[in-house]
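What follows is a short report on a single structure.
Side chains included, hydrogens not; waters and symmetry mates left out as well; all remaining heavy atoms used. Here is the naming used below: chain letters follow the sequence lines, and residue numbers restart at 1 for every chain.
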2 protein chains.
Amino acid sequence: MDQNKVISYYSDRPKILVAVDCIIFGFDEGELKLLLMKKQMGSKIGEWSLIGSFIDPAEDLNDGAKRVLKECTGLSDVYLEQSYSYGIVDRVPGDRVISIGYYALIRIDDHDKETVKEFGAEWFKFNSRPALIFDHDKMVSDAVNKLKRKTRNQSLGFELLPEKFTIPQLRQFFEEIYQISIDKRNFRKKILYMDILKKLEEKDKANSKKGAFLYSFDREKYESNPDLKALF
Amino acid sequence: MDQNKVISYYSDRPKILVAVDCIIFGFDEGELKLLLMKKQMGSKIGEWSLIGSFIDPAEDLNDGAKRVLKECTGLSDVYLEQSYSYGIVDRVPGDRVISIGYYALIRIDDHDKETVKEFGAEWFKFNSRPALIFDHDKMVSDAVNKLKRKTRNQSLGFELLPEKFTIPQLRQFFEEIYQISIDKRNFRKKILYMDILKKLEEKDKANSKKGAFLYSFDREKYESNPDLKALF
DNA sequence: ACAAAAGTGTTACGTGTACACCCATGA
DNA sequence: TCATGGGTGTACACGTAACACTTTTGT
């Protein structure tokens with residue numbers, strides 16, 4: 001028996017269309033945002049949808065999601081994670097398409113606004129986004145739930161914020177994601193106690209005359225103490 | 001424009017084989033167990049593998065996973081949840097197969113031992129399971145991580161335990177899943193305080209002369225207080 | 001009578017939460 | 001000088017963790 005030869009055993013089995021859809025989050029002007037586009041082909045042309053693509057048989061799932069992200073934002077080094085797979089037979093009318101959802105977190109400042117525009121994509125405030133085609137609304141809500149869990153247990157929030165941010169900004173970020181209000185004294189106390197922020201010498205005076213000190217996320221310190229559980 | 005007609009738009013796109021693989025957990029004799037089978041077709045015949053199947057284009061993903069579970073255990077009303085999707089191009093040598101992992105929790109007492117035997121499946125202690133084919137070991141470790149998280153935040157443990165169980169058994173269950181030891185006084189105090197267990201009049205004398213009272217999970221009470229976070 | 005597991009309470013400590021005032025600055 | 005957001009400290013309540021002895025009963 002030739003154990004090392006690689007043969008196809010399943011070439012006769014029925015195959016299925018596989019797609020990835022990206023739930024792309026951003027954070028800007030104190031609000032959670034979502035990148036969407038108008039559907040340009042197939043059914044439901046002109047309606048709003050997540051940004052996705054079919055997967056080529058020669059392409060890894062993850063690579064497919066990265067490709068989509070690169071195509072529509074120009075970015076390639078962003079936080080990207082698989083969220084959930086959607087496999088109801090008639091989720092896309094007329095074709096059997098399984099879709100794997102990926103959610104991405106990007107700093108809105110960083111990305112290439114031209115690419116987005118050319119691509120026909122648009123940023124929406126999360127709380128006033130349009131209804132989406134197919135099961136994409138479900139995909140979004142699943143992804144935002146993962147985002148909530150992850151921003152709480154891991155350092156994920158920092159992927160959405162700019163490199164330099166103030167503590168009030170960071171607090172606002174959590175307040176927005178969770179739709180709650182957080183005591184500013186306790187928040188500052190805890191986040192500084194965690195010792196995962198680097199205080200910079202600069203101040204950001206965009207929001208007040210006094211100005212708030214800027215901080216940056218200290219990834220090294222974080223690695224040795226990855227527990228953000230009790231922030232609020 | 002005929003908006004209601006359902007047409008196939010993507011029939012020319014390349015398709016991919018899609019499979020589901022089930023990570024089936026049980027709990028018995030104080031130990032976490034895993035149901036595995038010897039591969040019977042394709043490559044790697046005779047090596048241990050998760051129990052899976054290809055998905056038919058006319059079958060929902062979830063239904064495929066349910067079908068697999070029914071075929072190998074005879075059970076259809078069990079806890080079953082999607083865990084993660086695996087899509088590296090060469091994960092299965094010779095064919096492009098995307099696999100969606102599902103993990104199931106079953107009460108070992110309940111299931112049909114004959115069906116399992118006929119199917120060629122076998123229960124392994126989690127800690128002394130054999131190496132698995134392809135990326136199935138990764139699938140198992142991803143699933144057990146989800147299991148840990150879920151048994152902590154939700155009531156999931158009760159899906160693995162028998163209908164009636166003692167408090168020492170329940171504690172042993174958590175100790176096994178997390179590989180830690182838990183103070184029995186504190187554990188009892190907390191779990192009873194949560195008020196999600198019904199105390200029965202029977203005792204289980206299997207493990208001691210004195211006997212331990214049996215309890216059952218009170219799903220109704222749980223629904224109104226689904227917070228198990230602080231058990232240990 | 002003894003071995004083996006079940007069952008029970010109290011205390012010390014740390015963490016979370018609530019809360020009000022001063023500071024710096026630009027207009 | 002005043003309006004605005006930034007920044008600070010303390011007291012109390014609560015939950016967690018540590019810990020040792022008694023009870024029951026089959027052999």
Going by atom types only, do [X] and [Y] share a side-chain donor-acceptor pair under 3.5 Å?
| X | Y | answer |
| --- | --- | --- |
| T166(A) | D204(A) | no |
| Y102(B) | N62(B) | yes |
| N186(A) | K189(A) | yes |
| Y86(A) | D21(A) | no |

* Asked: Salt bridge between D142(B) and K138(B), side-chain N to carboxylate O under 4.0 Å?
  -> yes

* **SB check R219(A) E159(A) (cutoff 4.0 Å)** => yes

Whole-Å distance between [N] [atom2] and [X] [atom1]?
| X | N | atom1 | atom2 | result |
| --- | --- | --- | --- | --- |
| F165(B) | dA5(C) | CZ | C1' | 19 Å |
| Q172(B) | dA5(C) | CD | P | 11 Å |
| F213(A) | dA24(C) | CZ | C1' | 11 Å |
| L214(A) | dG5(D) | CG | P | 18 Å |
| L170(B) | dA6(C) | CG | C1' | 15 Å |
| I191(A) | dT8(D) | CD1 | P | 15 Å |
| I180(B) | dT16(D) | CD1 | C1' | 14 Å |

* **Residue closer to the 5' end of DNA chain D, K203(B) versus P168(A) (nearest nucleotide)** => P168(A)

* Between N207(B) and G211(A), which is nearer to the 5' end of DNA chain C once each is assigned its nearest nucleotide? -> N207(B)

Which protein N or O atoms sit under 3.5 Å from an N or O of nucleotides 8-10 of chain C?
residue, atom, partner, partner atom, Å
dT10(C), O4, K189(B), NZ, 3.0

* Given dA27(C), is OP1 or OP2 found less than 4.0 Å from the side-chain N or O atoms of K209(A)? -> no

* Asked: Under the 3.5 Å rule, do the base of dA24(C) and the side chain of K210(A) count as making a donor-acceptor pair?
  -> no

